[in-house]
There are 2 protein chains.
Amino acid sequence: MARAKQLRSVKTRERLLGCAREIVSDSGFADLRVEQVVTAGGVAKGTFFAHFSDKDALMDILIGERVDALLDDLDAVGGFRSIAHVVESIMPLLSFLSSERYVFDIFLRLSGALAVEKVGAIAKAICRYDRILVQKLKGGPFRQDISAELQSEGIQAFSVSSVALSLCTEHGDKTLRDRLAIQLQAWLSPKQMPDRDM
Amino acid sequence: MARAKQLRSVKTRERLLGCAREIVSDSGFADLRVEQVVTAGGVAKGTFFAHFSDKDALMDILIGERVDALLDDLDAVGGFRSIAHVVESIMPLLSFLSSERYVFDIFLRLSGALAVEKVGAIAKAICRYDRILVQKLKGGPFRQDISAELQSEGIQAFSVSSVALSLCTEHGDKTLRDRLAIQLQAWLSPKQMPDRDM
DNA sequence: CCAGATTATTGACCGCGGTCAACATAGGGG
DNA sequence: CCCCTATGTTGACCGCGGTCAATAATCTGG
């Protein structure tokens, strides 16, 4: 018979999460060490891994909640009115993802569900992101020949590639935004007359 | 005065590379250990890092040369004649990238030049990939409202996102190919009448 | 052929993520 | 109240990537 989780345990977990958040806000995600967290939390190393399967699982939570907060903002804006509106709306999220290479790496690695059961915070957030995009794309002033779902897929694909590029070339948000705007223009509002049936 | 690289050194490096290739062909990229390589090569661990800045640098070479070989095949086909032709042409590359999660991770991490000087094999290969795509897209039966360069960017973005998704959901190439085909159809041959000026 | 200067190699050592058998601390019947 | 069992916690230990001062091998000019 499974017994309920003890209060002591949840408190330990919350304490570790709190310490981790503090460390991240002090020195960023990439420099966080598990040792730091357990020292700050006053527990042994093993305890950490009793609460989180690995370091990535902690990062999944920390980054996932950040993304989720940014999605709250995104959710608050109305339906998309233009390409520029789309770009402006998702830029905060992309800025966060490109703020640290490590964050982007984690995000990509944990973006999908590895197994059906172990869907993490980031994976959940991405599903939510997709739902939000689809909802705001519906009825938007964009191409009608493909579904909002497919439009959303494209936005995500271009977003990821733009962030990846911006991390490589070490340019700022400016380049990211401009490149994305061009790509989304071509994706969401193609100007082609379909003269040929190809 | 800088002295020339000694023959012994080149031979050591080549031996390490050879051993590494063997190990990879035996047990894949992810399971390769630096210790394995140096043991097989009959040198000390430090020697490895005298020849490669880190393990990633070795992977960059090994994966880069694989990609380059696949690009040779791609280069051999003529200009793109259809969406299906594009998909079939690049599928070998995408299959390789999705063969191991580790390979894809390395590929993404090293896909851009971190510094201007240290452009690795993978980054070079991607540049070549882009050039090849652009060349084969020019004059293709696709949309005319955007440049071949932009078309190529989109293909790369959709490719990456398709591979990433296929790694998460653990489906085979089939799903990857189908999803990519749909996305590229919408990207390269939009069916929209531009009735509105948006 | 030798001496000094460069380059190549060595292996003990470190940092850090992750493991695990042993131990501590709760609950819940009897 | 005590014992039993499930749950929590511990810290020594491991694997593996990466470092570096010391040593060996090689080259070059005199």
Side-chain angles (χ1 to χ4, degrees), chain A residues 1-20 23-24 27-63 100-103 105-106 109-110 114 118 120, chain B residues 1-20 23-24 27-63 100-103 105-106 109-110 114 118 120:
Chain A
M1 176 57 185
R3 216 174 271 182
K5 200 171 253 178
Q6 298 178 10
L7 194 84
R8 177 177 53 145
S9 175
V10 281
K11 278 178 67 177
T12 303
R13 186 192 155 94
E14 282 316 309
R15 185 151 29 94
L16 289 176
L17 274 174
C19 293
I23 292 169
V24 166
S27 47
F29 287 91
D31 289 346
L32 180 141
R33 301 280 168 268
V34 173
E35 291 260 0
Q36 271 185 292
V37 178
V38 297
T39 303
V43 295
K45 208 181 203 175
T47 303
F48 178 93
F49 293 99
H51 288 278
F52 309 98
S53 58
D54 52 23
K55 193 186 170 185
D56 277 9
L58 172 68
M59 289 303 175
D60 186 47
I61 294 172
L62 296 180
I63 295 176
E100 288 183 56
R101 172 176 297 268
Y102 178 70
V103 169
D105 284 349
I106 295 283
R109 196 177 321 139
L110 305 183
L114 295 152
K118 302 217 358 169
Chain B
M1 175 57 186
R3 215 175 271 182
K5 197 172 253 180
Q6 299 177 10
L7 193 83
R8 177 177 55 143
S9 174
V10 206
K11 279 176 66 178
T12 303
R13 186 191 154 95
E14 283 315 310
R15 183 150 31 92
L16 289 176
L17 275 174
C19 293
I23 292 168
V24 166
S27 46
F29 285 91
D31 289 345
L32 180 143
R33 300 281 167 268
V34 173
E35 291 261 0
Q36 272 185 292
V37 178
V38 296
T39 303
V43 295
K45 208 180 203 176
T47 303
F48 178 93
F49 293 98
H51 288 278
F52 308 97
S53 58
D54 52 22
K55 191 185 169 185
D56 278 9
L58 172 68
M59 288 303 175
D60 186 47
I61 295 173
L62 296 181
I63 294 176
E100 286 184 57
R101 173 175 298 266
Y102 178 70
V103 169
D105 284 350
I106 295 283
R109 195 176 323 138
L110 305 183
L114 294 153
K118 303 219 357 172

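Within every chain, numbering begins at 1; the chains are lettered A, B, ... in the order of the sequence lines, protein sequences first and strands thereafter. Atom set for the values below is all heavy atoms of this structure, side chains included, hydrogens, waters and symmetry mates excluded.
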Select one nucleotide: of C:dG17, C:dA8, C:dT10, the one nearest the side-chain heavy atoms of B:Ser9. C:dA8
Of the listed nucleotides (C:dT19, D:dT10, C:dT10), which one gets closest to any side-chain atom of B:Val43? C:dT10
Spacing between A:Gln36 atom CD and C:dG17 atom C1', to the nearest angstrom: 14 Å
Can you name the nearest heavy-atom pair linking A:Thr12 to A:Val43, along with the distance? CG2-CG1, 4.1 Å
In sequence, state the C-alpha distance, the side-chain angles, and the governing distance for A:Asp31 and A:Tyr102, and then conclude on side-chain contact (heavy atoms from CB on, under 4.5 Å). CA-CA 9 Å; A:Asp31 289 346; A:Tyr102 178 70; over 6 Å; no
Take atom CZ of B:Phe49 and atom C1' of D:dA21, then tell me their distance rounded to the nearest Å. 17 Å
A:Thr47 side chain near D:dT10 phosphate (N/O to OP1/OP2, under 4.0 Å): yes
Where the side chain of A:His51 is concerned, which of D:dT19, C:dT9, D:dT9 is the nearest nucleotide? D:dT9
Just to be sure I understand the rule, does A:Lys45 reach a base, reach only the sugar-phosphate, or reach nothing, if contact means heavy atoms closer than 4.0 Å? base
When you measure from the side chain of A:Ala44, which nucleotide among C:dG11, D:dT10, C:dG18 comes out closest? D:dT10
Any sub-3.5 Å donor-acceptor pair from A:Gln36's side-chain atoms to A:Arg33's backbone N or O? yes
Letter by letter from the 5' end, nucleotides 25-30 of chain C scores (B base, S sugar-phosphate only, - none; protein heavy atoms under 4.0 Å) SBB---
Measure across A:Leu17 and A:Leu58 and return the closest heavy-atom pair with its distance rounded to 0.1 Å. CD2-CD1, 3.6 Å
If every non-hydrogen atom of A:Lys45 is compared with every non-hydrogen atom of A:Glu35, which pair is closest and at what distance? NZ-OE2, 3.2 Å
Look at A:Lys55 and C:dG17 and indicate whether a side-chain polar atom (N or O) is within less than 4.0 Å of OP1 or OP2. yes
At under 4.0 Å, does any side-chain N or O of A:Thr12 touch on OP1 or OP2 of D:dG8? no
B:Cys19 and B:Val37 have their tightest heavy-atom pair at CB-O, 4.2 Å
